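Remarks on the structure that follows.
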Amino acid sequence: GAGVSQSPSNKVTEKGKDVELRCDPISGHTALYWYRQSLGQGLEFLIYFQGNSAPDKSGLPSDRFSAERTGGSVSTLTIQRTQQEDSAVYLCASSLDSEKLFFGSGTQLSVL
Amino acid sequence: GQQVMQIPQYQHVQEGEDFTTYCNSSTTLSNIQWYKQRPGGHPVFLIQLVKSGEVKKQKRLTFQFGEAKKNSSLHITATQTTDVGTYFCAGLTSGTYKYIFGTGTRLKVLA
């Protein structure tokens, strides 16, 4: 596609439910990043994928968070047993060999 | 862990005034990038600096990378209402591919 696509754009869930967020990177981009942005705040690094290398998971805030990238393309970020503090915009970005990052429009997650 | 701080957190200027945001890293960086996020939007890449002491210009925007590669600045000359948004720096440490974003500076331009 022309840009990074994220779905859904908005997700409202109840506390304790699991959610899956999807990211379709730009075709051919080898690197994929997930960031979290709380209202009016900066971007918090979550996880990074590069080609077939082991992902850098150092930013995941708890073991309720996990992510995978299938076939070096689409990525899914899963949050289990969601909590209210998980409410934020989840941004995905892709890049060619970790050069400039192209961000998607994000998924606004609201946990009630 | 690595931290990237930006000052100021907020800046309100009159249209036509200059604006500067400063970015400071706790560790030496291999490169630094700058992004702009419009209200309600997502971050958009502006520029990348790699060399110590590097200065780059884009029209009214001037970017600098410090000699020690631990700090950077973005200066906007004669701000316009279209400059409104939050400006983030993002630093990369040698040996990693993890861009750590700064805390951001939110710019408001009063017409």
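These figures come from a predicted structure and were not determined experimentally. All heavy atoms count here, side chains included; hydrogens, waters and symmetry mates do not.
For a residue to count as touching a neighbouring chain, one of its non-hydrogen atoms must lie under 4.5 Å from one of that chain's; by this rule Gln37(B) touches chain A with the side chain only. At a 4.5 Å heavy-atom cutoff, Phe102(A) makes no contact with chain B through either its backbone or its side chain. For Glu44(A), no part lies near chain B; criterion is any non-hydrogen pair under 4.5 Å. For chain B, the nearby part of Phe45(A) is the side chain; its heavy atoms alone come within less than 4.5 Å. Interface remark: Leu91(A) contributes side-chain atoms only to the contact with chain B (heavy atom separation under 4.5 Å).
Tyr48(A) and Gln50(A) form a side-chain donor-acceptor contact under 3.5 Å, judged by distance and modelled atom types alone. Ser72(B) and Trp34(B) share a donor-acceptor pair across their side chains, judged by distance under 3.5 Å alone. Side chains of Ser58(A) and Lys98(B): a donor on one and an acceptor on the other come within 3.5 Å.
Note on Gln6(B), Gln9(B), His42(B): by heavy-atom pairs under 4.5 Å with chain A, the leading option is His42(B). Across Gly42(A), Gly106(A), Ala93(A), the residue that shares the most heavy-atom pairs under 4.5 angstrom with chain B is Gly42(A).
Cluster membership for Tyr87(B) and Val13(B), using ILVMFWY side-chain heavy atoms within less than 4.5 angstrom, is shared.
Closest approach of Gln48(B) to Glu99(A), counting heavy atoms only: NE2-OE1, 3.4 Å.
Checked against the 6.0 Å centroid threshold, Tyr35(B) and Phe101(B) count as a close aromatic pair.
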